[in-house]
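Comments concern the structure below.
Note that these values count all heavy atoms, side chains included, but never hydrogens, waters or copies made by symmetry.
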Amino acid sequence: MDRLRAFEVFSAVVSRGSFTRAADALETSPANVTRYVNELEAYLGTRLLNRSSRKLSMTESGEALYERSKTILAEVAEAEALASSASLQPRGRLRINAPLSFGVLHLAPLWPRFMQRYPDIELDVALSDRVVDIVEEGYDLAIRISRAGPATHAARKLATSQNIVCASPAYLEAYGQPRTPADLLAHRCIGYTYAATADEWHFIDGHGRDHAVKVSCVMHTNNGDTVRAAAIAGQGIIWQPGFLIGQDLKAGRLVPLLPGYRMPDIDVLAIYPTRRHLSTKVRVMVDFLVEAFQAAPP
């Protein structure tokens with residue numbers, strides 16, 4: 001008896017709820033499916049399935065074997081994928097979702113290099129600050145700016161960025177400079193719609209203590225470049241990641257505020273549905289991005 005095939009047949013019967021549907025999925029006959037299950041039960045010396053004309057259910061032994069079979073089959077498939085990826089040329093369409101500002105500033109310059117290295121991969125890059133469901137919306141990979149990795153998907157960190165609270169010299173001349181997070185309550189602030197903490201801005205002092213302030217915003221927007229433009233124009237205090245406003249700080253268009261306090265850092269992450277059965281095209285893209293950002297300044 002081919003035990004691996006028997007595990008595959010048994011798992012198909014359980015997941016599809018019938019011998020006939022399992023046979024259709026495996027492109028074999030119901031008689032073959034029945035034979036494999038019977039031989040597996042005989043080999044193990046225990047009943048795995050309770051059959052009736054209307055219902056199919058697992059025994060306690062069947063439940064235990066089903067959970068282990070899923071793991072074994074997934075590991076075999078992953079090993080096969082790893083072995084084949086070494087010899088297969090990456091090819092096909094690769095759908096990527098990334099934040100708008102980060103995508104324009106830091107990803108767009110990378111795509112020509114990737115295309116030259118992997119000419120058989122067709123890139124389909126969508127830029128949006130909205131957090132998409134990569135499985136539901138059919139993306140192979142997403143780039144996210146986040147303080148925490150996803151609970152349901154696999155991720156690799158590409159870089160870490162510092163969040164910085166700042167304002168323009170013109171604003172500070174007109175309204176004065178805050179010295180503590182609590183001082184922000186008396187100031188005009190500009191909010192980022194997709195911020196995880198909304199209008200509650202969080203800071204950490206030099207002793208590691210947390211400070212949370214519910215600011216009053218005169219404007220909200222779902223795009224970091226719009227937040228930046230309003231601040232440069234003197235309309236209020238903002239916080240944004242260093243990868244977006246770093247050049248403005250260097251040029252003096254924006255001034256960092258609240259010395260002695262810092263905002264929590266955020267990670268730049270490559271998100272993909274699962275580590276198992278990872279396609280070659282996704283694998284080479286993730287490796288390429290890790291390599292590219294390792295060479296980039298913090």
Q) Would Arg156 and Asp287 count as a salt bridge (charged side-chain N to carboxylate O under 4.0 Å, His left out) if you check the C-alpha gap in whole Å, the side-chain angles of each, and the deciding distance to 0.1 Å? A) CA-CA 9 Å; Arg156 282 184 71 181; Asp287 290 342; 2.7 Å; yes

(Q) Between the side chains of Glu39 and Arg5, is the shortest nitrogen-to-carboxylate-oxygen separation below 4.0 Å, so that they form an ion pair? (A) no

Q. Between His202 and Asp210, do the side chains contain an N or O donor and an N or O acceptor separated by less than 3.5 Å?
A. no

Q. With a 3.5 Å cut-off and no angle check, do the side chains of Thr160 and Asp265 form a donor-acceptor pair?
A. no

(Q) Ignoring hydrogens, what is the shortest heavy-atom contact between Cys217 and Ile190? Give both atom names and the distance. (A) SG-C, 4.1 Å

Q | Heavy-atom closest contact (Tyr36 atom, Asp2 atom, distance) | A | CE2-O, 4.1 Å

Q. Is there a donor-acceptor contact under 3.5 Å from the side chain of Glu41 to the main chain of Arg47?
A. no

Q. Can we say Arg179 and Asp183 salt-bridge, meaning some charged N sits less than 4.0 Å from an Asp/Glu carboxylate O?
A. no

Q: Just jot down the side chain to side chain donor-acceptor pair (under 3.5 Å) partners of Thr28, sequence neighbours excluded, or say none.
A: Asn32

Q. Where is the tightest heavy-atom contact between Ser101 and Leu244, given as atom of each residue plus distance?
A. CB-CD1, 3.8 Å

(Q) Quick one about Arg3 and Tyr43 (side-chain donor to acceptor, distance below 3.5 Å, no hydrogens or angles considered), yes or no? (A) yes

Q.
I'd like to know if the side chain of Arg21 reaches the main chain of Phe19, judged simply by a donor and an acceptor atom lying under 3.5 Å from each other, with no hydrogens or angles considered.
A. no

Q: Taking side chain to side chain donor-acceptor pair (under 3.5 Å) as the test, write out the residues that go with Glu137, two or more places apart.
A: Arg130

(Q) Any salt bridge linking Arg95 with Asp124? Criterion: basic side-chain nitrogen under 4.0 Å from a carboxylate oxygen. (A) yes

Q.
For Phe7 versus Leu40, what's the shortest heavy-atom pair and its separation?
A. CE2-CD1, 4.0 Å

(Q) Looking only at the aromatic ring of each residue, does the gap between the centers of Phe102 and Phe243 stay below 6.0 angstrom? (A) yes

Q | Cluster link Leu105 to Leu254, ILVMFWY, side chain under 4.5 Å | A | yes

Q.
Check for me, please, whether Val131 and Tyr272 land in the same ILVMFWY cluster - side-chain distances under 4.5 Å, paths through other members count.
A. no

Q | Salt bridge present between Arg228 and Asp248 (N-O < 4.0 angstrom) | A | yes

Q | Geometric class of the His187/Tyr171 ring pair [parallel <30°, tilted 30-60°, perpendicular >60°] | A | tilted

Q: Going by the ring pair (Phe, Tyr, Trp, His ring centres under 6.0 Å) test, name the single residue among Tyr118, Phe293, Phe114 that passes it with Phe288.
A: Phe114

Q. Do side-chain atoms of Asp267 reach the backbone of Leu269 as a donor and acceptor pair under 3.5 angstrom?
A. no

Q) With a 4.5 Å heavy-atom cut-off, do Val255 and Ser168 have their side chains touching? A) no

Q. Are the side chain of Lys281 and the backbone N or O of Arg93 linked by a donor-acceptor pair below 3.5 Å?
A. yes

